[in-house]
Every structure is written in structure tokens, then in C-alpha cells.
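Atoms within each ligand, like the ligands themselves, are counted from 1 in listed order.
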Amino acid sequence: MKFFIDTANLEQIKEAHELGVLDGVTTNPSLMAKEGIKGHDNIMKHYVDICNISDGDVSAEVISTDFAGMVKEGEFLASLHPRIVVKIPMIKDGIKAIRYFSDKGIRTNCTLVFSPGQALLAAKAGASYVSPFIGRLDDISFDGIELIDQIVEIYANYAFNTEVLAASIRHTVHIIKCAEAGADVVTCPLNVILDLLKHPLTDSGLAKFLADAKK
Ligand code: G3P
């Protein structure tokens with residue numbers, strides 16, 4: 001399973017990269033705004049900065065909602081760096097744009113996916129990744145992990161190449177359940193990745209070993 005970090009914060013990307021477990025980065029307009037990155041040129045430069053401090057794919061999201069706008073934006077984003085994946089919303093023109101990019105060999109990440117039907121459409125259109133938002137489903141009392149199970153099963157039934165990128169990860173149980181379900185990728189905030197390290201018996205066991213080493 002690949003680990004992506006879900007942030008536009010360069011320090012956090014560096015920290016995850018230095019840990020040696022980072023396979024890619026996902027961003028979205030809200031994460032860019034959170035870092036105070038404003039204006040077209042600054043945002044484009046920030047994507048390149050992210051590519052330069054990480055390995056693996058970097059998802060960069062279009063903000064147009066019409067086919068022509070998404071194509072123009074997506075082609076520019078893809079030209080910034082070979083590891084940029086164009087993130088496209090799950091809407092009708094988005095599906096058309098995913099098909100267009102797929103036919104041109106430009107990789108895409110279909111975002112804002114909340115149902116198996118949406119995931120099926122994204123795969124049919126040739127998306128490289130599909131991003132089901134499991135935390136946001138949990139927030140409205142639907143089972144986000146069940147959606148991952150369904151998408152993994154559907155894609156396996158037909159051998160779709162689209163990778164299941166579980167997004168909107170809130171805690172380590174989400175990561176473990178996604179791993180059990182066979183998600184290809186989880187994209188997580190840094191604190192959730194670091195939470196995987198934690199266990200009180202590790203802490204107390206290490207304290208005892210260090211104390212005994214002094215004897
Ligand atoms: O990158 C998209 C997704 O991970 C959003 O997560 O926490 O805003 O629901 P969240």
C-alpha cells in the first residue's frame with residue numbers, strides 16, 4: 001500500500017519524505033489556501049516546489065468546472081512536472097476531461113467520490129486514481145470503509161487499472177481498515193501517519209531496556 005501525504009505544507013512533506021515512507025502527495029484548493037498560497041503563479045510554483053522535495057505522484061487540482069477550462073488547466077498543470085497528476089472533480093464535464101486526458105496519456109485523480117457508481121464511472125473514463133473521501137462519509141453517518149470495500153471489489157471484478165486512493169483519512173484505524181480492504185493508496189495528514197508509531201507498550205518497553213542498559 002502506498003502512503004501519500006494530504007497537505008500543501010512543505011515542512012510536513014519534507015518530514016514525511018525524510019521518514020522514508022512517502023510515496024506521493026495530494027493537495028486541493030482548501031489545503032493550498034490553508035498555507036496562504038495565493039495567485040496563479042504562486043500556486044503553480046508551489047506545485048513545483050512540492051515535486052522538488054518529494055518522490056512520487058503529486059496531485060494538483062483544477063478549479064474549472066467546464067470541460068474546456070479543465071482541459072486548459074490540466075494541460076498546464078501536467079506540463080509543470082512529469083510527476084504531476086491532474087485532479088479532476090467527479091462531475092459530468094470532469095468525466096469527459098478524464099477521458100480526454102486518459103486518451104492523451106495524462107494521468108488523473110478523480111476527486112470528491114462518495115459512491116461506488118461514481119468510482120465505476122471514473123474507472124470507465126480511464127482515471128489513474130479514484131479518491132473516495134471516507135472521513136467525510138463517516139461525518140454524515142455513512143460507513144466510509146464500506147465504500148472502499150465496494151470499490152476494491154468492483155475494480156477487481158473487471159481488472160480496472162484505476163488505483164483506489166483512500167482520502168479524507170482521519171485516524172489510524174482508517175489506515176488499517178483501508179489496508180485490510182486492499183486500497184492501493186491512503187493519503188493522510190502527517191499527524192495520522194506519525195500516530196501509526198504510537199503504542200504505550202513500545203514506550204514502556206523502551207524505557208525499561210534503556211534503564212537496564214545502564215545497569
Ligand atoms: O485531499 C482531499 C481529502 O483528503 C480531504 O480530506 O479532511 O478535508 O475531509 P478532509
Worksheet item: How many angstroms lie between atom CD1 of Ile134 and atom CD of Glu146, to the nearest 0.5 angstrom?
Response: 12.5 Å
Item to complete: Could you tell me whether Glu75 atom CD has more than 12 heavy atoms of other residues or ligands within 6.0 Å of it?
Response: yes
Fill in: Heavy atoms from other residues, nucleotides or ligands near CG of Asn161 exceed 12 (cutoff 6.0 Å)
no
Worksheet item: Of Thr27, Asn9, Leu10, which is the lone residue that meets side-chain contact (heavy atoms from CB on, under 4.5 Å) with Glu35?
Response: Asn9
Discussion item. If the test is side-chain contact (heavy atoms from CB on, under 4.5 Å), which one of Val185, Asn191, Val186 qualifies with Cys188?
Written reply: Val186
Worksheet item: Do Thr26 and Asp6 pass the side chain to side chain donor-acceptor pair (under 3.5 Å) test, and can you show the C-alpha distance, the side-chain angles, and the key distance before you say yes or no?
Response: CA-CA 5 Å; Thr26 52; Asp6 197 25; 2.7 Å; yes
Worksheet item: So which protein residues pack against ligand 1 under 4.0 Å, heavy atoms counted?
Response: Asp6, Asn28, Lys87, Phe133, Arg136, Ala167, Ser168, Arg170
